[in-house]
J.: 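Pasting a structure below so you can have a look.
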Amino acid sequence: MRYDLVIFDNDGVLVDSEPISNRLLAGYLTELGHPTSYEESLRDYMGSAMHRVHDLVEERTGRRLPEDFDDVFHGRVFAAFERELEQVAGAVGVLEKLAADGVPYCVASSGSHERIRVGHRKTGLDRWFDGGRIFSSQDVGRGKPAPDLFLYAAERMGVVPARCVVIEDSPLGVQAAVAAGMDVYGFTAMTPAERLVGATQLFSDMGELVDLLA
């Protein structure tokens, strides 16, 4: 394989959580007096850490979100995960191939460690990711599109950035990977290809990824 480390985004790449979380985020923001459609939530917040939601709302309205916003939102998301969350089709096949070939891999997500663990436990992906393979925006000062999270993951995994590839489905994630000096394969299952500007390669079906990485 041409890379020494495969770094997976989590939401939308390993677990099919973006429709759930963005539906709930749009609804909660609207409930709080910040009218937001599902499509607008995808456009503005998909792939980002929670601080981006706070920053954009305050920038646009001059009003801060409630102190308990994150706790309430995550409570709703986790409850929905327990009812609805599934793996992204084909993700396990990719992990099986990487493990069989001895290729190091990890996950680097804008989501919190708790969100990652809840999603992996619900979908059975926890057997593929021990604690040493999980990195969150909580671990660094700035989330995507800053490169910090991907650089941190590479450093912890002992691989130089130029030998890493990132699997991403959001514009912010692609920007972060490019800024980190890594190749990035853009997953277009939910995101139009033209929004993943800068991606090294685009693919629409997780089943394609093994051959692309070879």
Side-chain angles (χ1 to χ4, degrees), residues 6-30 36-50 52-53 56 73-74 76-95 105-112 115-116 118-120 122-125 128-129 134-137 143-145 149-150 165-179 182-213:
V6 180
I7 303 176
F8 291 93
D9 176 40
N10 190 55
D11 295 292
V13 170
L14 295 173
V15 296
D16 193 17
S17 53
E18 293 291 9
I20 299 170
S21 58
N22 281 281
R23 182 185 77 231
L24 293 171
L25 179 58
Y28 189 26
L29 288 173
T30 300
T36 306
S37 69
Y38 171 72
E39 292 75 18
E40 288 168 337
S41 182
L42 288 174
R43 180 195 68 200
D44 293 341
Y45 305 120
M46 181 174 167
S48 68
M50 288 302 295
R52 179 177 170 86
V53 181
L56 279 184
F73 173 63
H74 284 133
R76 296 181 183 186
V77 168
F78 295 163
F81 279 4
E82 292 297 337
R83 297 190 303 269
E84 306 173 44
L85 190 64
E86 297 181 354
Q87 300 170 1
V88 168
V92 167
V94 177
L95 296 172
Y105 64 87
C106 65
V107 61
S109 172
S110 292
S112 66
R115 177 182 172 124
I116 298 167
V118 168
H120 284 191
K122 173 61 172 63
T123 59
L125 289 175
W128 297 99
F129 292 94
I134 298 176
F135 306 101
S136 161
S137 61
K144 306 169 189 179
L149 175 57
F150 291 141
V165 62
V166 176
I167 314 303
E168 263 288 353
D169 71 328
S170 75
L172 294 175
V174 170
Q175 293 172 39
V178 171
M182 301 176 181
D183 281 357
V184 53
Y185 286 20
F187 185 39
T188 62
M190 274 195 63
T191 307
E194 60 269 20
R195 295 199 64 213
L196 300 180
V197 176
T200 310
Q201 179 80 42
L202 297 172
F203 68 105
S204 60
D205 186 318
M206 196 59 69
E208 304 170 46
L209 186 56
V210 169
D211 289 339
L212 291 174
L213 291 173

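Because the structure is a prediction, the values reported are computed rather than measured. For this chain, numbers begin at 1 and follow the sequence in order.
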J.: List, one per line, each side-chain donor-acceptor pair under 3.5 Å for residues 187-198, sequence neighbours excluded.
T.:
unit_1, atom_1, unit_2, atom_2, d
Thr188, OG1, Phe203, O, 3.2
Thr191, OG1, Asp169, O, 2.5
Arg195, NH2, Arg43, O, 3.4

J.: Compare every heavy atom of Ser137 with every heavy atom of Ser110, then report the nearest pair and how far apart it is.
T.: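 So the two residues come closest at O-OG, 2.7 Å.
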J.: Closest approach of Ser109 and Ile116, non-hydrogen atoms and distance?
T.: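 For Ser109 and Ile116, the tightest heavy-atom pair comes out as CB-CD1, 3.7 Å.
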J.: Taking C-beta and beyond as the side chain, do Phe73 and Val53 meet within less than 4.5 Å on heavy atoms?
T.: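 Sidechains of Val53 and Phe73: no contact.
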J.: Picking from Val118, Thr123, Val88, what satisfies side-chain contact (heavy atoms from CB on, under 4.5 Å) with Val15?
T.: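 When Val118, Thr123, Val88 are each tested with Val15, the side-chain contact (heavy atoms from CB on, under 4.5 Å) holds only for Thr123.
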J.: Can you list every salt bridge (charged side-chain N to carboxylate O under 4.0 Å, His left out) pair that touches residues 80-89, not counting sequence neighbours?
T.: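 As it turns out, the salt bridge (charged side-chain N to carboxylate O under 4.0 Å, His left out) pairs with a partner in residues 80-89, which skip direct neighbours, are Arg23-Glu84.
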J.: Which value, rounded to the nearest 0.5 Å, describes the distance between Leu25 atom CG and Leu42 atom CG?
T.: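 These two atoms lie 9.5 Å from each other.
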J.: Out of curiosity, Leu24 CG to His74 NE2, how far, rounded to the nearest 0.5 Å?
T.: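 Here the rounded value is 11.0 Å.
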J.: Quick check: closest heavy atoms across Val92 and Leu125, and the distance to 0.1 Å?
T.: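 Minimum heavy-atom separation between Val92 and Leu125: CG2-CD2, 3.8 Å.
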J.: Show the nearest heavy-atom pair for residues Ser17 and Gly12, with the distance to one decimal.
T.: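 In this case the closest contact between Ser17 and Gly12 is OG-N, 3.8 Å.
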J.: Applying side chain to side chain donor-acceptor pair (under 3.5 Å), name anything that partners Ser21, two or more places apart in sequence or on another chain.
T.: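 Once residues adjacent in sequence are excluded, the partners of Ser21 under the side chain to side chain donor-acceptor pair (under 3.5 Å) criterion are Arg115.
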J.: Minimum heavy-atom separation for Val178 to Val184, with atom names?
T.: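 That would be CG2-CG1, 4.1 Å.
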J.: Return the orientation label for the Phe78 and Phe81 ring planes: parallel under 30°, perpendicular over 60°, tilted otherwise.
T.: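 Rings of Phe78 and Phe81: tilted, 30 to 60°.
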J.: Answer yes if the ring centres of Phe150 and Phe135 are under 6.0 angstrom apart, and no otherwise.
T.: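 Centroid separation for Phe150 and Phe135: 6.0 Å or greater.
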J.: Got a second to check how far His120's NE2 is from Leu14's CG, nearest 0.5 Å?
T.: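 CG of Leu14 is found 5.0 Å from NE2 of His120.
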J.: Let me see the working for Val94 and Tyr105 under side-chain contact (heavy atoms from CB on, under 4.5 Å), right down to the final yes or no.
T.: CA-CA 10 Å; Val94 177; Tyr105 64 87; over 6 Å; no
J.: For Gly47 versus Ser170, what's the shortest heavy-atom pair and its separation?
T.: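 Result for this residue pair: CA-OG, 3.6 Å.
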J.: Hey, could you give me the CE/CZ distance between Met206 and Phe8, rounded to the nearest 0.5 Å?
T.: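 The distance works out to 7.0 Å.
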J.: Atom CG in Leu172, atom CG in Asp44: separation rounded to 0.5 Å?
T.: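 The CG atom of Leu172 sits 9.5 Å away from the CG atom of Asp44.
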